[in-house]
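To start, the structure itself, in structure tokens.
Side-chain atoms are counted along with the backbone in the values below, which use heavy atoms only and exclude waters and symmetry mates. Labels below follow one simple rule: chain letters A, B, ... track the order of the sequence lines, proteins then strands, and each chain is numbered from 1.
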Amino acid sequence: MIVKTFDSKKYTNKIEKHAFQKDLINWYDAEKRDLPWRADQDPYKIWVSEIMLQQTKVDTVIPYFQNFITSFPTLNDLAEAEEEKVLKAWEGLGYYSRARNLQAAVREVVEVYESKVPDQPDLLGELKGVGPYTKGAILSIAYEKPEPAVDGNVMRVFSRILAMDDDIANQQTRKKIESCVTDLISHEDPSAFNQGLMELGATVCTPKKPTCLLCPVQEHCQAFEQGIQESLPVKSKAKKQKSLEYFALVFKDENEKYILEKRPETGLLANMWQFIMIDKSEVQKKQLPLYVREKYGWSIKGIKELSPVKHVFSHITWHLTVLEVELEGEIKTEAQASLMKKEKIKELPLPVSHQKIFNQIT
DNA sequence: GAATCGTGGGA
DNA sequence: TTCCCAAGATT
């Protein structure tokens with residue numbers, strides 16, 4: 001059997017390890033930003049912050065983190081909370097499965113590990129939503145264990161430090177860089193080492209126009225030495241996204257009540273609430289009254305067209321034609337749909353696209 | 001391995 | 001406008 005091996009030493013041997021560690025950690029200790037999740041080493045709070053920070057900027061996360069910890073101060077509080085309250089606290093942050101996975105994992109920690117976040121890599125990595133990066137982040141930051149925590153920042157920083165031209169869009173590259181970090185990580189302060197790499201990537205070793213003149217590890221950087229820092233890391237481009245068109249129907253009855261439905265528990269915007277959507281390819285606007293009568297059994301008194309909503313996701317763009325539809329008679333809603341007043345809607349977790357619709361309701 | 005899964009901000 | 005980007009994980 002042939003096993004492909006990656007010789008990380010081929011890269012990391014070029015680095016003066018202890019000087020690199022010292023320069024990075026001293027810089028981090030002096031320059032690190034004062035962020036709310038750096039107030040203490042509570043594994044639960046570190047965990048929450050790391051999940052929120054996935055693919056999300058620090059400035060965006062700060063208020064969500066503050067509110068989340070106020071609402072769910074401890075692991076047990078989160079375990080006992082209603083899922084809908086958790087989703088509401090996550091509303092607007094995106095990637096909502098993060099919130100559901102976090103709560104599921106926290107419940108497992110309560111039941112299986114007596115409410116103590118595991119400090120063993122294998123056990124921690126089995127929890128829902130805890131992948132290679134988050135596992136390493138919790139272990140190093142909360143438990144001072146010398147484990148790699150390789151995110152986009154670290155891949156960029158290491159691509160430059162080591163002058164690696166591997167495509168960072170390739171999954172395999174993360175594993176290679178994990179090996180390199182394992183070679184170089186400080187065993188005296190793995191937390192400052194890992195966070196220092198990320199802090200450096202976020203503030204100095206930026207994707208475009210890195211400020212190498214301010215870099216604490218400039219003298220250790222192979223890319224800077226070769227003058228190729230602007231062309232690293234190599235990253236292949238994502239393909240173009242699809243476009244989908246829907247009617248978004250704001251059904252309203254005689255008592256100023258609106259009809260919303262809960263989305264399926266898997267897939268896009270799982271378990272979030274929304275106004276009823278109909279794929280435009282299924283029905284034309286003229287046919288709507290007939291369609292609504294056949295599918296829902298409701299009679300339409302009048303239709304008013306509101307402003308269209310365009311919403312861009314990572315891989316899809318929604319074009320929503322928004323229609324406020326007055327219904328007559330008594331309304332019976334199906335299992336997953338509910339009739340409710342505006343005040344009630346405000347308590348439900350809505351994706352941003354449907355907040356845009358809600359904000360148009362008079 | 002490639003797709004899926006959100007959102008807001010900046011160049 | 002359009003594109004890229006941000007402390008990734010899951011399927």
If you assign each of A:T60 and A:T266 to its closest nucleotide in DNA chain B, which residue comes earlier from the 5' end? A:T266
Spacing of the P atoms in C:dA7 and B:dA11 (rounded, Å): 16 Å
A:R156 near the nucleic acid: base, sugar-phosphate alone, or nothing, with a heavy-atom cut-off under 4.0 Å? sugar-phosphate
Within the 4.0 Å heavy-atom criterion, would you say A:W318 contacts the bases, only the backbone, or no part of the nucleic acid? nothing
Ignoring backbone atoms, test whether A:T134 places a side-chain nitrogen or oxygen under 4.0 Å from the OP1 or OP2 oxygen of C:dA9. yes
Donor-acceptor pair (no angle test) under 3.5 Å: A:S314 side chain, B:dG6 base: yes
For a quick test of reading the model: is some side-chain N or O of A:H315 closer than 4.0 Å to OP1 or OP2 of B:dC5? yes
How about A:F251 and A:W298: are their ring centres within less than 6.0 Å of each other? yes
Could you measure between the two P atoms, the one in C:dA6 and the one in B:dC5, and give it in whole Å? 22 Å
When we call it a touch if two heavy atoms are under 4.0 Å apart, what does A:L93 touch: a base, just sugar-phosphate, or nothing? base
Is a donor-acceptor contact shorter than 3.5 angstrom present between the side chain of A:T56 and the base of B:dG6? yes
Heavy atoms only, 4.0 Å cut-off, all strands: where does A:V312 land among base, sugar-phosphate and nothing? base
Where the side chain of A:L268 is defined as all heavy atoms beyond and including C-beta, which of C:dA9, B:dG6, C:dA6 is the nearest nucleotide? B:dG6
